[in-house]
Structure formats: C-alpha cells, structure tokens
**Student:** 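If you scroll down you'll find the structure; I have some questions about it.
FYI, side chains are in, hydrogens and waters are out, and symmetry mates aren't considered; it's all heavy atoms of this structure. A, B, ... follow the sequence lines: proteins, then strands. Residue 1 opens every chain. Since this is a predicted model, take the numbers as computed values, not measurements.
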Protein chains: 2
Amino acid sequence: MRSEVGSQGRSGGGVADDRTTRARIRDAAVRRFASVGFGASVRTIAADAGVSPALVIHHFGSKEKLHVACDEHVLAWIAEAKRANMGKAAGGQLLEVLAQADEMAPLVGYVLRSVQAGGAVGRSFVEHMVEDAVKYTSEAVEQGLARPSLDEEARVRYLVYSSLGSLLMAMTFDPPDDPQDTTAVMRRFMGDMYLPMLELFTQGFLTTRRMLDDYLLYVGDPPTGGARADADGATPTEGDPAA
Amino acid sequence: MRSEVGSQGRSGGGVADDRTTRARIRDAAVRRFASVGFGASVRTIAADAGVSPALVIHHFGSKEKLHVACDEHVLAWIAEAKRANMGKAAGGQLLEVLAQADEMAPLVGYVLRSVQAGGAVGRSFVEHMVEDAVKYTSEAVEQGLARPSLDEEARVRYLVYSSLGSLLMAMTFDPPDDPQDTTAVMRRFMGDMYLPMLELFTQGFLTTRRMLDDYLLYVGDPPTGGARADADGATPTEGDPAA
DNA sequence: ATGCGTGCTGAACGAGCGTTTAGTCTGCTG
DNA sequence: CAGCAGACTAAACGCTCGTTCAGCACGCAT
C-alpha cells in the first residue's frame with residue numbers, strides 16, 4: 001500500500017500541494033512534453049517536479065512508461081471534458097472547447113504536440129474529431145445547413161486534417177510571444193483564419209463546376225451518389241440540388 | 001583552391017560517382033534528415049556516405065553548419081526547379097511540380113520535414129507558396145475563375161497553410177508503406193483528398209451566408225484589404241437560396 | 001628527393017542521456 | 001521496541017552524441 005500522502009509533509013516549500021508526488025511528476029512531464037516535445041529529458045522533468053531523476057524512474061519504471069502514463073492522463077481528461085461539454089463541441093471545433101480555461105493550456109499543448117508527432121494521443125484525438133464531425137455534418141446536411149458530399153467520410157477527414165493542420169502551421173510559422181499559452185495561440189489563429197475559412201465554407205473558391213466535373217469524369221464513378229455523366233462544361237455553381 | 005576531384009579516384013567501388021566527397025556527404029545528409037528528421041546523427045550520415053564521422057566535421061565544421069549547407073542546397077534546388085517549370089506551378093500546387101521525378105524525392109522530403117519543424121527551408125518554402133498564390137489567385141479573380149475575398153492575403157495564407165498542413169497530417173496519420181517515397185505519398189494524398197478539396201472549393205460547405213454575415217457583423221469592418229470597395233454585403237456570385 | 005598541404009581515418013574526450021545501485025529516512029505494524 | 005516497506009537521494013554505470021586529435025597516404029611544387 002502506498003501511503004500517498006504521508007511523506008509529502010516533508011516538503012519545506014511555502015504553499016501546500018495536495019497532489020501525490022507521482023501526480024506532480026506526471027503533471028511536470030505533461031508540461032515539459034507540451035513545451036519542448038517528447039525529447040524532454042528525465043532530468044529536467046525531475047527538476048520541474050522538485051525530485052531526483054531516480055524517483056521518476058522509481059514511480060514510472062522508465063521514461064517510455066512515463067510517456068504512456070501522460071498519454072493516458074491526457075486521454076482521460078479529453079474524455080471527461082467532452083462529456084462535460086456535450087453538445088457544445090457541435091461546431092466541430094473541439095479544440096476551442098478544450099482550450100477554454102488557462103489551466104488546461106498544458107493539456108491542449110500536449111495534444112497538439114502529440115498530433116504533430118503522430119503519437120497515440122494525437123491519433124486518438126484526430127479519430128474522435130472525425131467521429132464527431134461525421135455525426136454533426138450528417139445532421140447539418142439533413143437540416144439543409146450543409147451541402148451534401150459525394151464522399152462524406154473523405155470530406156470530414158479532409159476538413160479535420162485541414163483545420164488541425166493549418167492550426168499547427170500557424171503555430172509553427174506565426175508563433176505568438178508565448179507559444180505555450182494555448183488560449184492566446186487559438187485566439188490569434190481564429191483572428192487570422194476564421195474569416196477566410198468562413199468565406200471558403202460559404203461561397204467556395206471557384207466560380208464554375210468545370211474542374212470538379214472534369215475530375216469526376218476523369219476518375220469515373222465516385223463512391224456514392226451517381227456521377228452525372230452529362231458534364232455540360234462550365235455550369236454556374238448555383239442552382240444545385242440543395243437538399 | 002581545393003582540388004575537389006583529385007583524391008576521389010581512390011574509391012574502389014564498382015560504379016563511378018563523379019560527385020565530390022563533400023557533395024556525397026551533403027546528399028547523404030539531406031536524405032537522412034528527410035527520412036528521420038534533423039536529429040539524425042553525424043555517425044549515421046557518415047556511414048551513409050561511406051566516410052568517417054570525423055570527415056563530416058572536417059568538411060563542414062560542425063553538424064549545425066552541415067544543416068545550413070543542406071538548407072542552402074535545397075533552397076537553391078527549389079529556385080532552380082521553379083525557374084525551369086515557370087508557369088506550370090500555376091495551380092498553386094508547387095509541391096506537385098517538385099515531386100515529379102523520383103530522384104527529387106529526398107529533396108521534397110527534406111522540405112516537408114523542414115516545414116514540419118519550422119526550419120528555415122520550410123519558412124522560405126511557405127513564403128514562396130504564399131507569394132505565388134497571391135499572384136495566381138488575383139489573376140484568377142480578374143478572369144472570373146475565382147471568387148473575390150474580403151482579405152485576399154489572409155485567404156491565400158489560409159489556403160497555403162491548410163493544404164500543406166493537411167498533407168502533413170495525412171502523411172503522419174495515414175502513412176503509406178514507404179513514407180520516404182514522396183511521389184507515392186503525394187499520389188495517395190491526392191487520391192484521398194482531391195475530391196473533397198475540389199468539392200469544397202466548388203460548392204463550399206454551408207448553404208447560407210448566415211454564419212459569414214453574422215461574423216462580419218460581429219467583427220465590424222473587414223480588414224483594410226482591397227476588396228473594401230465592393231463589400232456591399234453580398235459578393236456578386238451567389239444567388240443564395242435560403243432553404 | 002624533400003617538404004607541404006590536404007583528404008581522410010581510428011581512437012579518444014567530454015557531455016548528456018536513461019537507468020541502476022546502494023543506501024538513508026520515515027511512518028506504519030506487530 | 002523491532003522490523004519492515006516504501007519514498008526518496010547521491011552516485012555511478014553504460015551508452016550515444018558531437019567533436020578533437022594525432023597521424024597516415026598521396027598529389028604537387030620546389
């Protein structure tokens with residue numbers, strides 16, 4: 001039996017920290033991984049948590065197992081946050097919901113790091129987004145709010161990849177003063193990109209159907225919904241079968 | 001003056017390699033950096049080039065300077081490839097042009113790695129794409145092929161970020177059998193994503209202007225972009241059948 | 001022939017890494 | 001009280017890393 005609380009009274013610091021030492025190490029690791037990536041050293045994590053490197057290994061067995069423990073922790077937090085915000089994530093902008101409170105910043109940062117690195121948390125997060133987005137877009141199509149697609153699954157995946165990907169690109173190339181402040185990062189990204197995104201979603205980019213029709217002709221039958229073989233050239237975009 | 005060619009006749013191998021040893025090391029480094037990232041060790045690069053680690057340092061001074069030399073080499077190659085393919089990159093899909101020949105694969109891979117890592121080559125590549133895309137979209141708008149935007153610069157940047165970002169996401173989460181074969185990667189990405197992309201560009205996603213108009217109302221005046229004059233509330237194209 | 005610059009190597013150095021080991025301290029239990 | 005279990009640390013081990021060093025081989029000018 002671990003005494004969990006018993007030994008921590010020894011810390012001579014000022015404010016009390018009611019977390020287990022194990023939890024403090026884990027949280028320090030999440031923050032470090034979020035801020036400098038998964039190459040962060042055990043020694044720096046230990047220093048952040050105010051313990052010796054050996055204790056990190058003592059509690060988690062190895063750095064890799066510490067990484068796994070962080071993954072599980074963050075995954076559980078995501079699931080919890082989604083449950084608590086049911087429906088609010090409807091817009092498909094799950095990240096916006098998650099990045100609400102400042103104390104969540106390291107967790108959001110961890111998720112984004114993991115997405116960029118193709119880690120387990122990132123993969124799971126992306127699949128969650130795709131899953132939710134499939135549901136919400138099908139609802140939106142039924143309600144006549146969104147246009148139908150010839151391949152709903154592919155469209156949803158593209159939308160998720162493109163929004164997460166552009167966020168990562170913006171973080172990489174137009175980083176704000178403090179790249180760890182994920183709420184500021186999100187605010188900046190939305191300020192810069194929301195208008196063009198909305199514009200594209202509302203009016204598209206091209207004025208004619210020609211490129212799309214040519215492509216459909218070129219690839220033959222699309223997965224769902226018959227490819228209308230007439231392909232009468234450049235018909236104006238509007239006047240479409242809108243639900 | 002370096003004799004550059006003098007000593008290399010000593011290599012006892014089968015096929016002749018008319019590259020300088022320095023160039024062979026640099027090419028090996030580009031390939032390694034492309035395939036495993038910039039954390040690749042000097043020792044593995046040296047082994048790839050068939051030389052000792054010390055020789056790598058002898059020629060380049062340090063690993064960081066080798067990295068810089070690779071950056072310069074790849075940048076020069078991009079400039080050359082763009083000059084040779086003037087106009088062909090019109091679609092804004094610069095990468096497609098670059099990824100044509102298989103021997104270019106490591107260079108394209110290097111560029112993508114650098115984009116992901118936010119390196120100098122990546123930043124320069126992105127800015128080139130934005131620059132070109134600004135030109136081509138403004139032409140397309142003038143010709144009536146593309147719809148105008150309230151903020152052309154922001155739209156272009158969003159389009160570049162979203163296309164490069166979604167490509168990186170697809171490479172990360174749906175990697176093909178050989179992730180180094182960038183032509184296969186591109187082919188796969190296009191096969192999966194081109195239809196939804198074209199669909200979105202042609203018909204948009206939303207059926208009404210409501211979200212866009214609400215946002216414009218919310219933020220007040222749109223940015224000072226040139227589209228200011230004809231921003232009378234409705235861009236000319238859409239008849240907008242409000243369900 | 002001699003000397004020199006240069007391409008090049010094997011061996012080693014020092015730093016940082018993850019991890020192990022041996023041991024101390026402390027609170028609980030019999 | 002004794003003894004034990006577990007939190008915890010300082011030190012060190014073994015490894016990989018980038019880099020340095022001393023020296024070898026060879027083409028070229030003197």
**Student:** Got a sec: does the CG of D178(A) have more than 12 other heavy atoms crowding it under 6.0 Å?
**Tutor:**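 Correct, the count exceeds 12.
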**Student:** Can you tell which of dC8(C), dT19(C), dG18(D) lies closest to the side chain of T21(B)?
**Tutor:**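 The closest nucleotide is dC8(C).
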**Student:** Tell me which nucleotide among dC8(D), dT19(C), dT19(D) gets nearest to the side chain of S62(B).
**Tutor:**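 Between dC8(D), dT19(C), dT19(D), the one nearest the side chain of S62(B) would be dT19(D).
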**Student:** Using the six-membered ring wherever Trp is involved, compare the ring planes of Y161(A) and F173(B) and label them parallel, tilted or perpendicular (cut-offs 30° and 60°).
**Tutor:**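 Rings of Y161(A) and F173(B): tilted, as their planes differ by 30° to 60°.
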**Student:** Among the candidates dT19(D), dT20(D), dA7(D), find the nucleotide nearest to the side-chain atoms of A54(B).
**Tutor:**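 Among the listed nucleotides, the one closest to the side chain of A54(B) is dT20(D).
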**Student:** Grab the CZ-C1' distance between R32(A) and dC17(C) for me, whole Å please.
**Tutor:**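 Between C1' of dC17(C) and CZ of R32(A): 15 Å.
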**Student:** Decide, yes or no, whether a salt bridge links D132(B) with K82(B) under the criterion of side-chain N to carboxylate O below 4.0 Å.
**Tutor:**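 A salt bridge links D132(B) with K82(B).
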**Student:** The criterion is ring-ring contact (aromatic ring centres under 6.0 Å, His included); which residues satisfy it with Y110(B), sequence neighbours excluded?
**Tutor:**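 In terms of ring-ring contact (aromatic ring centres under 6.0 Å, His included), with neighbours along the sequence ignored, Y110(B) is linked to F38(B).
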**Student:** Roughly, in whole Å, what's the span from CG in L55(A) to C1' in dT20(C)?
**Tutor:**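 From L55(A) CG to dT20(C) C1': 14 Å.
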**Student:** Under 4.0 Å from any atom of DNA chain D, heavy atoms only: list the residues of residues 38-50 of chain B that qualify, in numerical order.
**Tutor:**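 A40(B), S41(B), V42(B), R43(B) - these, ordered by number, are the residues of the stretch whose heavy atoms sit under 4.0 Å from the strand.
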**Student:** Do D174(B) and R188(B) sit within salt-bridge range, that is, some charged N less than 4.0 Å from a carboxylate O?
**Tutor:**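 Between R188(B) and D174(B) there is no salt bridge, as every charged N stays at least 4.0 Å from the carboxylate O atoms.
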**Student:** May I ask you to decide whether R31(A) forms a salt bridge with D48(A), counting only side-chain N to carboxylate O separations under 4.0 Å?
**Tutor:**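 Not counted as a salt bridge, because no side-chain N and carboxylate O are separated by less than 4.0 Å.
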**Student:** Atom CD1 of I57(B) and atom C1' of dT9(C): how far apart are they, to the nearest Å?
**Tutor:**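 In whole Å, dT9(C) C1' lies 14 Å from I57(B) CD1.
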**Student:** If I take atom NE2 in residue H59(B) and atom P in nucleotide dT9(C), what distance separates them, rounded to the nearest angstrom?
**Tutor:**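 Whole-Å distance recorded here is 9 Å.
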**Student:** Of the non-hydrogen atoms in V160(B) and A133(B), which two are nearest, and what is the gap between them?
**Tutor:**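 Shortest heavy-atom separation between V160(B) and A133(B) comes out as CG2-CB, 4.4 Å.
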**Student:** In whole angstroms, how far is the P atom of dC8(D) from the CZ atom of R22(A)?
**Tutor:**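 Going from CZ in R22(A) over to P in dC8(D) covers 12 Å.
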**Student:** Round to the nearest Å and state the distance from R24(A) atom CZ to dA7(D) atom P.
**Tutor:**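 Taking CZ of R24(A) and P of dA7(D), I get 13 Å after rounding.
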**Student:** For Y194(B) and Y215(A), take the angle between the two ring planes, folded into 0 to 90°, and tell me which bin it lands in: parallel under 30, tilted 30 to 60, perpendicular over 60.
**Tutor:**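 Y194(B) vs Y215(A) ring planes: perpendicular.
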**Student:** How many whole angstroms separate atom CZ of R19(B) from atom C1' of dG7(C)?
**Tutor:**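 Distance, rounded to whole Å: 17 Å.
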**Student:** Looking at R157(B) and E127(B), is any side-chain nitrogen of the basic one under 4.0 Å from a carboxylate oxygen of the acidic one?
**Tutor:**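 Yes, this pair counts.
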**Student:** Could you tell me the separation between the NE2 atom of H67(A) and the P atom of dG18(C), rounded to a whole number of Å?
**Tutor:**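 Computing the H67(A):NE2 to dG18(C):P distance gives 13 Å.
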**Student:** Please report the end-to-end axis angle for the helix from dA1(C)-dT30(D) to dG30(C)-dC1(D), five pairs per end, rounded to 10 degrees.
**Tutor:**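 End-to-end axis angle: 30°.
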**Student:** Would one find a side-chain N or O of H58(A) under 4.0 angstrom from OP1 or OP2 of dA7(D)?
**Tutor:**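 So the side-chain polar atoms of H58(A) do come within 4.0 Å of the phosphate oxygens OP1 or OP2 of dA7(D), strictly under.
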